[in-house]
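As structure tokens, the structure follows; a few thoughts come after it.
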2 protein chains.
Amino acid sequence: MLDKNDFTPLYIQLYRQLRLKIVNGEYKQGEAIPSETEMMKLFDTTRGTIRKALSLLVNEGLVHQVRGKGTFVRLSPLQYSITNFGGFTDYLKNRNELAVSKVLDQCRITIDGEEYYQLTRARGVKKEDSVTYLMIDTSLLPVSLFPDLDKNSFENESLYKILRDKYLVKPTRSEISLSPVLIDDQMRNILELKDDEVALLKAEGNIYDQNNRKIEKVKIVYSPTIEFNIMTSINSSK
Amino acid sequence: MLDKNDFTPLYIQLYRQLRLKIVNGEYKQGEAIPSETEMMKLFDTTRGTIRKALSLLVNEGLVHQVRGKGTFVRLSPLQYSITNFGGFTDYLKNRNELAVSKVLDQCRITIDGEEYYQLTRARGVKKEDSVTYLMIDTSLLPVSLFPDLDKNSFENESLYKILRDKYLVKPTRSEISLSPVLIDDQMRNILELKDDEVALLKAEGNIYDQNNRKIEKVKIVYSPTIEFNIMTSINSSK
DNA sequence: TAGTGGTCTAGACCACGGT
DNA sequence: CCGTGGTCTAGACCACTAG
């Protein structure tokens, strides 16, 4: 089940496989997944590796563990829970949904002497021929890092896939700040908001690559359709 | 340095000690903390334990690791970054700041046949004799779980300390949903908002205890003074 | 080359849940 | 009682950084 010749770490491979089975409903809500010792045999690896994979799922809230009982799929699945700012397309692919992007604006601008591509997109999902837009997303990418980036089409290709494949840049880390924002006409039209909606949630911040270079500034405004959920564990300090 | 007779796990003890040295400025921003092998000798434990403690700091964003170089204190410390809904007092104590609470309302209400204490507080920090309120916090706690809870004073005592000490209930996990909210007069007065502020960030959700019982419903409205920051690592799916 | 963090192994003992 | 997850040990090899 795990490929020891693959360069990706075993615990990542395992994490992805388990994750898939959960979002596909193969492991059902509330049910237990195989125990750690069972998985040691199933995947021919040690408990440390299993537990490292499971800890990723626990952090994500997809699974919770109870000593003496087992590891269970979370009862209430998060809806559109955004814990991952690293690519909308990848995020939806993990959920087996089809991402749609519509370019609203594309230009070059200069800020503090540095030239950037500015790309504004409406992003959503396609379900049974109808498209629902879920967010409006503005990216600023330095021209110096990504020459000729604007020769690509962003309607159909994932931006992060282009960065990975053509520029060998892997987005690895994000620092995001959340705040409310008043609704303007563009948001109201694209996100099809009701008249009594006044403010939306905005995320703003930077994305860094594997070498800790700042590769992108982002600003995302979320439709109220998206539930912005967070799950935390609490460290009692006493 | 670590107490192997203490019931709290070694990696938690280590995590707290390192955390203290960072927030106290003993380990300075941008500087390296002792390497993992050094710490093995310093604390007389194995690398696995060290790494488990460090991973907590990494998740919190207080520290980042670079292969071949070392472990460094984050250059830009988050300001009031709320990743922990498990107690405002504890949170500020970890930052060496003094929490202040002011009870705005306290009553009993019945929802769906279940009786709750409802407690609304303004919460802030005290610095050099002046108090800045940072959030307005409404808690609903079931009377059935916490008889006589309203005999306590919440002005000076931490709610979670009372739950832990008198009811042996440990808040362990939170499920929180974020959304924007329009400002009303109470918010404007207490949080001392400027006239051009229109909307604030609101967090709403449930807190669970060690036995996965829902012990509290919370609603928190945050002052714009608080920066609601999130740091994530990105799992490229390819 | 020496030191760093990233991954992995193969054990061990424990507290807890259900039988 | 056995199986579960929680913690801890004592090694190993690797990729990367820097002098």
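Every chain is numbered from 1 and lettered A, B, ... according to where its sequence line falls, protein lines coming before strand lines.
Using modelled atom types, one finds a donor on one side chain and an acceptor on the other under 3.5 Å when comparing Gln65(B) with Thr71(B). Residues Glu204(B) and Ser177(B) have side chains that never bring a donor and an acceptor to within less than 3.5 angstrom of each other. A donor and an acceptor atom, one from each side chain of Ser144(B) and Glu114(B), are located under 3.5 Å apart.
In this entry the distance linking CZ of Phe72(A) with P of dT4(D) reads 11 Å, nearest Å. Distance Arg51(B) CZ to dT4(C) P: 13 Å, rounded to the nearest Å. dT7(D) atom P lies 16 Å from atom CD1 of Ile50(B), rounded to whole Å. Between Ile33(B) atom CD1 and dT4(C) atom P the separation is 12 Å, expressed in whole Å. In this structure, Leu10(B) atom CG and dA10(D) atom P are separated by 12 Å, rounded to whole Å. Atom NE2 in His64(A) sits roughly 16 Å away from atom P in dT4(D) (whole-Å rounding). Protein atom CE of Met40(B) is 9 Å distant from nucleotide atom C1' of dT9(D), rounded to whole Å. One atom, CG of Asp6(A), and another, P of dG6(C), lie 19 Å apart when rounded to the nearest Å.
Using a 4.0 Å cut-off, no side-chain N or O of Thr49(B) falls inside it from OP1 or OP2 of dT7(D). Distances shown here put a side-chain N or O of Thr71(A) below 4.0 Å from the OP1 or OP2 atom of dG5(D). One finds a side-chain N or O of Tyr11(A) lying less than 4.0 angstrom from the OP1 or OP2 phosphate oxygen of dT7(C). Proximity of Thr45(B) to the phosphate of dC8(D): no side-chain N or O atom is located under 4.0 Å from OP1 or OP2. A close approach under 4.0 Å does occur between a side-chain nitrogen or oxygen of Ser35(A) and OP1 or OP2 of dT4(D). A sub-4.0 Å separation between OP1 or OP2 of dG6(C) and a side-chain N or O of Gln65(B) is present. Phosphate proximity of dG3(D) to Thr37(A): absent, as no side-chain N or O sits under 4.0 Å from OP1 or OP2.
Relative to the side chain of Glu38(A), the nucleotides dG5(D), dT7(C), dT4(D) differ in distance, and dT4(D) lies closest. Side-chain atoms of Lys4(A) lie closest to dT9(C) of the nucleotides dG6(C), dG5(D), dT9(C). Here the nucleotide nearest the side chain of Pro9(B), chosen from dT7(D), dT4(D), dA10(C), is dT7(D). Among dT7(C), dG6(D), dG5(C), the nucleotide with an atom closest to any side-chain atom of Lys52(A) is dT7(C). Nearest to the side chain of Thr46(B), among dC8(C), dG5(D), dT9(D), sits dT9(D).
Distance check, rounded to the nearest 0.5 Å: OG of Ser35(A) to NZ of Lys41(A) gives 7.5 Å.
When heavy atoms are screened at a 4.0 angstrom cut-off, Leu54(B) is found touching no nucleic acid atom at all.
The residue from Glu216(B), Arg121(B), Gln118(B) that alone fulfils the side-chain hydrogen bond (donor to acceptor under 3.5 Å, both in side chains) condition with Ser139(B) is Glu216(B).
Residue pairs meeting the ring pair (Phe, Tyr, Trp, His ring centres under 6.0 Å) criterion with at least one member in residues 134-153 of chain A, sequence neighbours excluded: Phe146(A)-Tyr167(A).
dA12(D) is paired with dT7(C) under the criterion used here, namely a Watson-Crick or G-U wobble arrangement in which both key atom distances are under 3.5 Å.
Under the 3.5 Å distance criterion, the side-chain polar atoms of Asp6(B) are matched with a main-chain donor or acceptor of Thr8(B).
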Exercise. What is the per-nucleotide protein-contact pattern of nucleotides 11-19 of chain D, from the 5' end, where B denotes a base atom under 4.0 Å from a protein heavy atom, S denotes such proximity for sugar-phosphate atoms only, and - denotes neither?
Worked result: -B--BBBS-
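The minimum heavy-atom distance between Tyr117(A) and Asp148(A), with the atom names listed, is OH-N, 3.2 Å.
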